[in-house]
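Provided herewith is a single structure, encoded as structure tokens, for subsequent inquiry.
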Number of protein chains: 2
Amino acid sequence: MAVFAGQGDARRSMRLLWREPGGVAGPGLSVDVIVDAAIAVADGDGMAALSMRAVGERLGRSAMALYTYVPSKAELVDLMYDRVLGELPTEYPLDGGWRVALRAWAEDARVFFLAHPWVLQVSQARPVLGPNEFAMLEALLRILRGTGLGPSVLRGVVGAVVQFVRGAAGVIADARRAARETGMTDEEWWFSRSEVLAEVAVDFASRFPLSAAIGAEEPPSVPGEECVPYLERDAVRNFAVGLDVLLDGVEAAVARARAGGS
Amino acid sequence: MAVFAGQGDARRSMRLLWREPGGVAGPGLSVDVIVDAAIAVADGDGMAALSMRAVGERLGRSAMALYTYVPSKAELVDLMYDRVLGELPTEYPLDGGWRVALRAWAEDARVFFLAHPWVLQVSQARPVLGPNEFAMLEALLRILRGTGLGPSVLRGVVGAVVQFVRGAAGVIADARRAARETGMTDEEWWFSRSEVLAEVAVDFASRFPLSAAIGAEEPPSVPGEECVPYLERDAVRNFAVGLDVLLDGVEAAVARARAGGS
DNA sequence: TTGCCACTCCTTACACCGTAAAGTATCGTG
DNA sequence: CACGATACTTTACGGTGTAAGGAGTGGCAA
């Protein structure tokens, strides 16, 4: 049986991921409190502010103290990722059909990603393979189980929904981060930029007529959303519309699967 | 007319973005050669390796020499982003209908993102607002112009397609980056991880039955793709399937728009 | 010719990062 | 009481973006 480079590290990190949480809470550090502190740092100040020194400081220790419990920053991020994924609901009633449940999942996931935007910056390939990542996949598969979709289409659908939700949430998360880092609201930013744009690109409307038209087209505002920042409001609307489109596509695939074979 | 913080910087960077390319090619540096060198660094060694020192070194200058031409690293990345977006095709014949054209666009975009994976790490919110970014949007809008979709749905569709392609390409790009950085092929990685997983999570199949089933289900291989790495092959298949599902959804929206109003 | 200024580009420096290496204090056990 | 393990610290190295200031060069007015 071949042994590959890094397998020893793989075993250590997988053990950390699948370890029973809790244990005796003593005066010293533990993996749990370190992961919690790291999540608090990332939630509060963003992934860019997540440093070993910052986590250590929050715990009243030096940065190097963490290395007694966690092999490296990369493994710490993996642990943070899987731990926080545990906040996602996993049970969705299918009384209203898969479409209602899938929409609810997407909405929950969007809210979750916005509560922990740093999660979107954790690499997708070479997944962490922790228990809560599988719990999330399992929830999606339970929702789609009754549709009769074959494994191949099922994978494609799950991937498309996850990509879409991650991407749409990422836009909103980026907008919020930008607002915080620049101290400039979306409105201020957009206003000043479009003023400069009109000045710098004088032939804009003729070079990009369709973009200019769709940019100018202001959709009627929905009651209650006036207070949401400009770009974020647009992004939330786009999320709802795009999700509907995507679900229509899933519905077509389901109908096809029920009519014929896979 | 209110003046917001950073507007002066905004004017400078917009001027850089929309400036006519070229100019006299002298012995000294220029914005163009700096942006080209930076793109070469990012293409070759990834976004993480893009440092002002690395770009300067490639040009035989110090890092600080770049600051004569470019205000900061952030602006440089914006310039790289818009410059490289110019590689995307913008004309898609509509002879075969919008669906064929949109599929072609998605395929081109996927290839483009894989050629320049660092583009996926450029923030989406607060867009760069450069000419080539608008050219890309314009190309998408031209493809979808004849569908009769209203502006709101149009925005949602464009967003959903872009998010999907970015997300799917991102998974593949991450997989390649991981393979390069760890020196471990996808097969090696997956084999060793799943071995450890079976050992660490003994009740895996009973805790996550659907995930276990879909993981075990091996789809029939398509001729010619045997040489593609494991995870990447899966990702490409998922891309094709997911794109079809998404396009089915767009088709439903188009049919609805043609039948009734909005 | 001389003096000056603008333009390029350089060196130095600072505060931050992840983490390797080595030192110290405390404690359970032989 | 000695010893080794454990928990934690300090120090250090090579990396980052970029502010500050200096050096060399060329054009131009006096």
Side-chain angles (χ1 to χ4, degrees), chain A residues 6 8-9 12-13 16 23-35 37-38 41-42 44-81 118 121-123 177-178 181-182, chain B residues 6 8-9 12-13 15-16 19 23-35 37-38 41-42 44-81 118 121-123 177-178 181-182:
Chain A
D9 292 330
R12 174 161 181 204
S13 46
L16 279 172
V24 189
L29 291 182
S30 70
V31 176
D32 286 313
V33 302
I34 289 174
V35 171
V41 170
D45 302 332
M47 194 65 142
L50 179 76
S51 69
M52 302 302 271
R53 285 169 176 88
V55 177
E57 195 169 355
R58 180 173 281 257
L59 294 167
R61 307 294 158 90
S62 73
M64 294 309 291
L66 310 181
Y67 285 90
T68 306
Y69 302 89
V70 161
S72 72
K73 187 187 181 185
E75 316 278 357
L76 174 57
V77 171
D78 282 355
L79 290 171
M80 293 164 62
Y81 177 78
W118 52 270
Q121 296 173 52
V122 176
S123 168
R177 179 166 45 226
E181 284 174 6
T182 66
Chain B
D9 293 331
R12 174 162 181 204
S13 45
R15 261 200 243 282
L16 280 173
R19 147 197 74 100
V24 189
L29 290 182
S30 71
V31 176
D32 286 312
V33 303
I34 289 173
V35 172
V41 170
D45 302 332
M47 195 65 142
L50 179 75
S51 70
M52 301 301 272
R53 285 169 175 87
V55 176
E57 195 169 355
R58 178 173 284 256
L59 294 167
R61 306 295 157 91
S62 74
M64 292 311 288
L66 311 180
Y67 285 89
T68 305
Y69 302 89
V70 161
S72 73
K73 186 186 181 185
E75 316 277 356
L76 174 57
V77 171
D78 283 355
L79 291 171
M80 293 165 61
Y81 178 78
W118 52 270
Q121 296 173 53
V122 176
S123 168
R177 180 168 43 227
E181 283 173 7
T182 65

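A, B, ... follow the sequence lines: proteins, then strands. Residue 1 opens every chain.
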Measure from CE on B:Met52 to C1' on D:dA19 and round the result to the nearest Å. 13 Å
Mind calculating the distance between CG (B:Asp45) and C1' (D:dT16) to the nearest angstrom?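 Computing the B:Asp45:CG to D:dT16:C1' distance gives 16 Å.
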Send over the distance from A:Ile34 CD1 to D:dA7 P, rounded to a whole Å. 11 Å
Residue closer to the 5' end of DNA chain C, A:Ala54 versus A:Met64 (nearest nucleotide):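 Whichever sits nearer the 5' end wins; that is A:Ala54.
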What nucleotide, of D:dT16, C:dC9, D:dT10, holds the atom closest to the side chain of B:Leu29?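 Selected nucleotide: C:dC9.
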Which nucleotide in the set D:dT18, D:dT9, C:dT19 lies at the smallest distance from any side-chain heavy atom of A:Lys73?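 Nearest to the side-chain atoms of A:Lys73, counting from C-beta on, is C:dT19.
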Rounded to the nearest Å, what distance is computed from the CD atom of residue A:Glu57 to the P atom of nucleotide D:dT10? 12 Å
Hey, are the side chains of B:Leu76 and B:Pro71 touching, using non-hydrogen atoms and a 4.5 Å cut-off? no
Are the side chains of A:Leu59 and A:Ile34 in touch, meaning some heavy atoms are under 4.5 Å apart?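 The answer is yes, as the side chains (C-beta and beyond) meet within the 4.5 Å cut-off.
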Looking at B:Tyr69, I'd like to know whether one of its side-chain N or O atoms comes within less than 4.0 Å of OP1 or OP2 on C:dC9.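 For B:Tyr69, the contact criterion (side-chain N or O under 4.0 Å from OP1 or OP2 of C:dC9) is met.
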Heavy-atom side-chain proximity of B:Val122 to B:Met80 below 4.5 angstrom: no
Side chains of B:Arg61 and B:Leu66: does their closest heavy-atom pair fall under 4.5 Å?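 No - every pair of side-chain heavy atoms lies 4.5 Å or more apart.
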For atom CG of B:Leu76 and atom P of D:dG17, their distance in whole Å: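 The answer, rounded to whole Å, is 10 Å.
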Of all the choices, C:dC17, C:dT19, D:dT10, which nucleotide is nearest to the side chain of A:Ser62 once you look at every atom?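 Ranking C:dC17, C:dT19, D:dT10 by closest atom to the A:Ser62 side chain puts D:dT10 first.
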Between D:dT9, C:dG18, D:dT16, which nucleotide has the shortest distance from any of its atoms to the side chain of A:Ala65?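 Among D:dT9, C:dG18, D:dT16, the one nearest the side chain of A:Ala65 is D:dT9.
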Between D:dG24 atom P and B:Arg61 atom CZ, what is the distance in whole Å?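 Atom-to-atom, B:Arg61 to D:dG24, this comes out as 17 Å.
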Check every strand shown and say whether B:Thr68 touches a base, only sugar-phosphate, or nothing at a heavy-atom separation below 4.0 Å.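 Base, at least one base atom sits under 4.0 Å.
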Looking only at side-chain atoms of A:Ser72, point me to the closest of D:dT9, C:dT19, D:dG17.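 Output: C:dT19.
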Ionic contact status for B:Asp32 with B:Arg19, cut-off 4.0 Å: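 A salt bridge is present here (some side-chain N lies under 4.0 Å from a carboxylate O).
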Expressed in angstrom and rounded to an integer, what is the separation of B:Leu59 atom CG from C:dC10 atom C1'? 15 Å
What is the distance from CE of A:Met47 to C1' of C:dC17, rounded to the nearest Å?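 In whole Å, C:dC17 C1' lies 14 Å from A:Met47 CE.
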Ignoring hydrogens and geometry beyond distance, is the side chain of B:Arg53 in donor-acceptor contact with the base of D:dG15 at under 3.5 Å? no
